[in-house]
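Accompanying notes for the structure given below.
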2 protein chains.
Amino acid sequence: MDKDIFTKLLRERGQRFTKERFVILQKALSYDGHFDPETLYLQIRKTGSKASRASVYRTLSVLRECGVIQQVAKTEHGTVYERTYGHRHHDHMLCVQCGDILEFYSEELEKIQENICKKQGFQGSSHTLEIRGYCKKCRKKKK
Amino acid sequence: MDKDIFTKLLRERGQRFTKERFVILQKALSYDGHFDPETLYLQIRKTGSKASRASVYRTLSVLRECGVIQQVAKTEHGTVYERTYGHRHHDHMLCVQCGDILEFYSEELEKIQENICKKQGFQGSSHTLEIRGYCKKCRKKKK
DNA sequence: ATTGTAATTGAGACTCATTCTCAATTATAA
DNA sequence: TTATAATTGAGAATGAGTCTCAATTACAAT
Ligand SMILES: [Mn+2]
Ligand SMILES: [Mn+2]
Ligand SMILES: [Zn+2]
Ligand SMILES: [Zn+2]
């Protein structure tokens with residue numbers, strides 16, 4: 001996503017383009033998988049660019065409201081995000097022990113949801129399925 | 001759920017029956033809908049019984065591990081629980097137009113989720129499925 | 001019933017993600 | 001260039017949840 005599109009997005013919200021916001025946008029879109037605000041913040045610092053923690057949190061909220069990224073989960077270790085654009089749909093398993101997040105996709109699951117919607121006259125446009133429990137590693141540790 | 005069943009549950013975990021734990025159990029089961037730890041804590045205090053915040057958090061964890069209650073969501077205002085015991089599990093459809101929430105249940109959907117977990121070696125203990133879209137009424141209005 | 005002891009409790013200190021404050025800075029339109 | 005409203009950042013504040021540890025209590029063994 002380039003500067004102009006981003007500027008336009010902000011304009012529509014009555015907000016200004018700033019280098020801090022742009023740096024945060026670029027970093028957020030650089031992740032193929034999941035990321036959290038603190039990691040993003042530290043990586044921005046490491047690369048010499050600068051943006052405060054406050055700006056990171058503020059900008060991630062903006063990006064979420066614009067649909068550029070989405071919240072994947074709120075774990076005991078913080079909020080996890082992922083980019084929305086260019087990412088095919090999938091659902092999540094969340095380990096309540098270590099906070100690990102696994103992704104999965106099931107065509108069957110999607111189809112059944114469509115049928116359920118049809119039956120109830122509901123026009124579904126998106127969904128979130130989060131399965132919570134213990135991942136393989138943490139199951140072993142428990143024993 | 002009565003004292004004896006609860007005592008047995010705790011026994012199996014090598015834990016003792018205490019009045020604090022029982023008070024917390026009873027309060028947790030008294031909610032038909034959602035509740036959060038702080039509310040539960042304050043209501044226990046108000047009714048003259050006593051149990052500390054620490055015990056509330058500790059006991060809610062125990063109850064969740066026993067499957068008596070489950071985490072519904074982690075929100076910006078904290079963790080939301082609902083009773084499982086004596087309540088049938090269900091999922092939700094949320095109308096983004098009017099905010100209406102429809103409940104549904106699909107045995108098929110549950111089974112498939114179990115299979116997916118098994119395949120990945122994940123021990124699922126609960127899940128949240130929220131389908132967002134337009135309800136029957138709002139679909140008509142749109143036309 | 002008494003006793004030994006390991007489990008439990010509670011007050012409050014602590015953690016840590018996130019939000020808030022506000023003076024200094026900056027983007028933007030006039 | 002200037003006026004000014006938006007934005008920023010350092011650090012303080014908030015708040016949910018966890019941890020500590022001395023005092024208490026459940027309960028099994030006697
Ligand atoms: Mn994902
Ligand atoms: Mn439910
Ligand atoms: Zn795990
Ligand atoms: Zn509706």
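In what follows, chains carry the letters A, B, and so on, assigned in the order in which the sequence lines appear, proteins first and then strands, with residues in each chain numbered from 1. These values consider heavy atoms only, across backbone and side chains, with no hydrogens, waters or symmetry-generated copies. Here the structure is a predicted model, which means the values were calculated and not measured.
Here dT28(C) presents its P atom at 10 Å from CZ of R21(A), a figure rounded to the nearest Å. In this entry the distance linking NE2 of H77(A) with C1' of dG17(D) reads 13 Å, nearest Å. Between the P atom of dT18(C) and the CZ atom of R53(A) lies a distance of 11 Å, rounded to the nearest Å. A straight line from CD of E12(A) to C1' of dA6(D) spans 18 Å, rounded to a whole angstrom. Atom CD1 in I24(A) sits about 13 Å away from atom P in dT7(D), given to the nearest Å. dA29(C) atom C1' lies 18 Å from atom CZ of F17(A), rounded to whole Å. Distance, D36(A) CG to dA17(C) P: 8 Å, rounded to whole Å. If you take CG of L40(B) and P of dG17(D), they are 12 Å apart, rounded to a whole angstrom.
Using a 3.5 Å distance cut-off with no hydrogens or angles, the side chains of H34(B) and E82(B) do pair a donor with an acceptor. Donor-acceptor pairing under 3.5 Å is recorded for the side chains of R58(A) and S55(A). A donor atom on one side chain and an acceptor atom on the other are found under 3.5 Å apart for T128(B) and R132(A).
Contacts of E38(B) with the nucleic acid, taken as non-hydrogen atoms under 4.0 Å apart, are absent. At the heavy-atom level, Q15(B) lies under 4.0 Å from the strands shown only through sugar-phosphate atoms.
With sequence neighbours left out, Q26(A) forms a side chain to side chain donor-acceptor pair (under 3.5 Å) with no residue at all.
Proximity note for S52(A) (side chain, C-beta onward) versus dT7(D), dA10(D), dC19(D): the nearest is dA10(D). Comparing atom distances between the R16(A) side chain and each of dG9(D), dA6(D), dT9(C) picks out dA6(D) as nearest.
Nearer to the 5' terminus of DNA chain C, by closest-nucleotide assignment, is the contact made by Y41(B) (compared with the other of A54(A) and Y41(B)). Ranked by how close their nearest DNA chain D nucleotide is to the 5' end, E20(B) and K74(B) are led by K74(B). Of the residues near DNA chain D, R58(B) and R11(B), the one whose nearest nucleotide (by heavy atom distance) lies more toward the 5' end is R58(B).
Between T79(B) and dG17(D), a side-chain N or O to OP1/OP2 separation shorter than 4.0 Å is present. Between Y57(B) and dG17(D), a side-chain N or O to OP1/OP2 separation shorter than 4.0 Å is present. A close approach under 4.0 Å does occur between a side-chain nitrogen or oxygen of T18(A) and OP1 or OP2 of dT8(D). Contact annotation: K19(B) side-chain N/O to dA26(D) OP1/OP2 distance is under 4.0 Å.
Other residues, nucleotides and ligands contribute only 12 or fewer heavy atoms inside 6.0 Å of the CG atom of D32(A).
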